[in-house]
Structures are given as C-alpha cells and as structure tokens.
Peer 1: 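To start, I am sharing the structure in question, which I have written as structure tokens.
Just so it is clear, the structure is predicted and the values come from calculations on it, not from any experiment. Chain letters run A, B, ... following the sequence lines, proteins first, then strands; residues in each count from 1.
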Amino acid sequence: MKLATWNVNSLKVRLPQVLDWLRAHPVDALCLQELKLADDQFPLQAFADIGYHAQWAGQKTYNGVAVISREPGADPQRNLPGFEDHQQRIIATTLPGPSGPLRVISAYCPNGQAVGSDKYAYKLKWYAALHTWLADELQRYPRLAILGDYNIAPADEDVHDPAKWAGQVLVSEPEREAFEALTALGLSDAFRQFEQPPKSYTWWDYRQFSFRRNAGLRIDHVLLSPALSPHCVACEIDKQTRGNEQPSDHAPVIATLE
DNA sequence: ATGTCCCTACGCTAGGGA
C-alpha cells in the first residue's frame, strides 16, 4: 500500500499535473495541501474519471486540504476539535485496509511567517492543539498516518544551509520542539526510518533558482503510528515534479507499507 | 539585495501570503 503527500500550491493550476502524477504513481491515497479553492470548486469529477474518491476541506484563496483515495473514505473530519479556526488545514478520513481501518490525515500546518510574529504564535498554538487531538485520535485509530506540509525542518540535515537558516522560522527551536512532541506520541518520521541520499529536500523557494541550486528544506513529512511504522518498507521524495513546467514549489513524498 | 508564484479586488496593478 502506498500513501503520498503533495502541497500543490493551487489545485486549480496544478490539477493536470496531479492527474498525470496519479496515473504514473497509482498510490492508494494522496494527501493534498494548499488547494486554494472553495468547497464547491473542488474537481471531484476529474478524480472520479481516473478511479479515485476524495474527501476535502476547501477555502477560498488560501489553505485547503484533501485526501484522494482508491477506496471511498468514511468518517471525514475537518479542523482540530476545540480550536476555533476558519482556516482549513485538516481533513481526516478512514480508509478500509486488509489489517483493519486506516486513519489518514492530510495536514497543512501554519507557516508562521517570522519568529515572534502573530502568525508564529498562531503556529505554535495550532501545533499544541494538533498534539492534543492526535493523542486522542491515536487511541481511536491505532493504524494512523498523518501526511502533509508541516512547515518545519526537523533537523539541520533537513536544511540546505543550516548556518544561514539558524533560528529562523521553519527551523527555530520552539518549532522543532513542537515537531518532536508529535514523535513523542509514538509517531515515526517515515523518511528517517531509512538510509536516504544526503541533501534530501521537499520544498525549494521559487526565487533565486533555489531548485537548480538544491537550496531546499525538508518540511513535508509522513508520520506513522506505532502500529504502522514497522510495516513501512520505503519512503521517497519525488523530486522530478519540481522540474515540471509551472511546478509546485513542493515535491511529493511517498511511503510504501506492506 | 525582498529576486517568484498564486490569489483577490471599487481589476489591467498592487498587496498579502508563502
């Protein structure tokens, strides 16, 4: 079984690339972030035409998340319970699996803009609410995978130039602690379960020829519950999409489970 | 050194967000 995540930075613009990608990589579930479209604009039929179902939480202009899946999802849930927020950053759904139901969550975690800003404070509050909810959700669904854009590079090896980035948003210590709090729940960073090529990243700024220079960060992650992580046999970044014409600034990450 | 891409709006250019 394959699970993937991709921040597409506008599904309207990227839909042809997403459909092409799914045809070439027929994963069981693809989590999308930054749809940037309202619920009634979601291109459900385009996914149905290539044999996929979808659950989504849309919003005009910003944010928006979806789970595209081979099997129909059940019990969809939007947002973090108890966290007042109009920003659509979470969609969770349950997929059938041979070893029991699989809870799949697509997450678009806040960017935080700059350390010390209002958006940074919101990011840390949001992460605290995510932690509380996941502790609960793990009790309900032992087989749980949360995939998405975390907007956190967990370690210096996930940063192309750690000295330049030191202390900045996406790598600051409070953010890394928020990420580590998730792994302390038992969630495993699937990518780091395996030997990986050095300088592996999932996001490259559109500016400064960042992709050409491989000046990136690893901020898109697949986290697996203790019941799932032993079954993970591979986790890869599909860098190729970043070289597309009119690319997203993020590349997909794919985890393979047996 | 604020570079690019995507979105929206009292729209054809500027500003927010990433």
Peer 1: Would you sort out whether A:S106 and A:Q33 count as a side chain to side chain donor-acceptor pair (under 3.5 Å), showing the intermediate values?
Peer 2: CA-CA 7 Å; A:S106 179; A:Q33 301 86 36; 3.1 Å; yes
Peer 1: Whole angstroms only, please: what is the CZ-P distance between A:R89 and B:dG17?
Peer 2: 11 Å
Peer 1: Which part of the nucleic acid, if any, lies within contact of A:Y108, taking any heavy atom under 4.0 Å across all strands shown: a base, the sugar-phosphate backbone alone, or nothing?
Peer 2: sugar-phosphate
Peer 1: Just the rounded figure in Å: distance from C1' of B:dG17 to CD of A:Q88.
Peer 2: 17 Å
Peer 1: Return the nearest nucleotide to the side chain of A:Y206; candidates are B:dA18, B:dT4, B:dC7.
Peer 2: B:dT4
Peer 1: Take atom CD of A:Q41 and atom C1' of B:dT8, then tell me their distance rounded to the nearest Å.
Peer 2: 14 Å
Peer 1: Round to a whole Å and report the spacing from CG of A:N244 to C1' of B:dC5.
Peer 2: 15 Å
Peer 1: Quick check: does any side chain N or O of A:H231 sit under 3.5 Å from a backbone N or O of A:E258, one acting as donor and the other as acceptor?
Peer 2: yes
Peer 1: Roughly how many Å apart are B:dC12 and B:dC7, using the C1' atom of each and rounding to a whole number?
Peer 2: 15 Å
Peer 1: Whole Å only: how far is the NE2 atom of A:H250 from the C1' atom of B:dC6?
Peer 2: 12 Å
Peer 1: Give me the distance, rounded to whole Å, that separates B:dA14 from B:dC10 when you measure between the C1' atoms they each carry.
Peer 2: 14 Å
Peer 1: Given atom CZ of A:R242 and atom P of B:dT4, what is their separation to the nearest angstrom?
Peer 2: 13 Å
Peer 1: If you take the centroid of each ring, where Trp contributes its six-membered ring, are A:F47 and A:F42 closer together than 6.0 Å?
Peer 2: yes
Peer 1: Check every atom of B:dG16, B:dC6, B:dG3 against the side chain of A:R207 and return the nucleotide holding the closest atom.
Peer 2: B:dG3
Peer 1: If only side-chain N and O atoms of A:Q208 are considered, is one of them under 4.0 Å from the OP1 or OP2 phosphate oxygen of B:dT2?
Peer 2: no
Peer 1: Can you tell me how far P of B:dC6 sits from CG of A:N111, to the nearest Å?
Peer 2: 17 Å
Peer 1: Would you measure the distance from the C1' atom in B:dA1 across to the matching atom in B:dC6 and give it in whole Å?
Peer 2: 23 Å
Peer 1: Among the candidates B:dA18, B:dC7, B:dG17, find the nucleotide nearest to the side-chain atoms of A:K12.
Peer 2: B:dC7
Peer 1: How long is the gap from NE2 on A:H250 to CG on A:D149, to the nearest 0.5 Å?
Peer 2: 4.5 Å
Peer 1: With a 4.0 Å cutoff (strictly under), does any side-chain N or O of A:T61 reach OP1 or OP2 of B:dG17?
Peer 2: no
Peer 1: Between A:D249 and A:Q246, who's closer to the 5' end of DNA chain B by nearest nucleotide?
Peer 2: A:Q246
Peer 1: Would you tell me whether A:E180 and A:T183 have side-chain atoms, one donor and one acceptor, within less than 3.5 Å of each other?
Peer 2: no
Peer 1: If you check the A:K60 side chain, which of B:dA18, B:dC6, B:dA9 turns out closest?
Peer 2: B:dA9
Peer 1: Atom CH2 of A:W203 to atom P of B:dT4: distance rounded to whole Å?
Peer 2: 14 Å
